Amino acid sequence: MTHLVVDYRQQAETLLQLGREFHARGWVPATSSNFSARVDAGRVAITVSGRHKARLTTDDIMLVDLDGNSLSPGKRPSAETLLHTALYRRHPEVGGVLHTHSPAATVLSLTVGDTLMLQGYELLKAFAGVATHETRIRIPIFANDQDITRLSAQVDAWITEHGALHAYLIAGHGLYTWARDLRHAGIQIEALEFMFECELLLRRIGS
Ligand SMILES: [Zn+2]
């Protein structure tokens, strides 16, 4: 038990650090976005609903079970918690899930249809199992939906049909990505945001 508490504190500290870093990059405006880390097989540390990500304290992190129920008395998780816990339930190896709202992700998600294909980028190697830029990563774009249970079911069905997935976009809303731990999930956010900005630049040059 002591081990788990220490682990929780470490995870919480990393979540605070990511909040400051991502806010400085313009990826988590206002009180948007949420970050989470697996604490053990059945519990996840996640940012409390509606908190400003640049100013998080450990009081802004709470525990939920894998159905998204609060395990921290008096603290309410974001409705989008279910999108996090669905990934932890489906993938026992996932240790961190990050959700951001950058301008590049938002604009692309509203303009490229139902899929964004990333190909030819050296930074694709930031993803687990990708050893060369000579590949492509498919990012599905789901319609935004305030019914998070329904949206979560759509994501789950997509993974069942198409297999491995590294990230997805919600139209007009933002990005979700996940990895074996928070550090790798953070690297994926950084790589994806770089490629999203490149995609915007390419479209500007092409127009
Ligand atoms: Zn969101």
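Computed from a prediction, not measured in an experiment: that's the story for all the values here. Counting from 1, the numbers follow the sequence of the chain as shown. Whatever order the structure lists ligands and atoms in, that order sets their numbers, starting from 1.
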Residues in side-chain contact (heavy atoms from CB on, under 4.5 Å) contact with Ala153, at least two apart in sequence or another chain: none

Taking the Zn ion (ligand 1) as the reference point, name the nearest N/O/S atom of His101. NE2

Measure up the Tyr176 and Tyr168 rings against each other and bin them: parallel (under 30°), tilted (30 to 60°), perpendicular (over 60°). parallel

In His99, the N, O or S atom nearest to the Zn ion (ligand 1) is which? NE2

For residues Leu169 and Leu151: do they belong to one hydrophobic cluster (side chain heavy atoms under 4.5 Å, members Ile, Leu, Val, Met, Phe, Trp, Tyr)? no

Report, rounded to 10°, the angle at the Zn ion (ligand 1) between the two atoms OE2 (Glu80) and NE2 (His173). 80°

Residues which pass side-chain contact (heavy atoms from CB on, under 4.5 Å) with Leu108, listed by chain and number, not counting sequence neighbours: Val112, Leu116, Phe196, Glu199, Leu200, Arg203

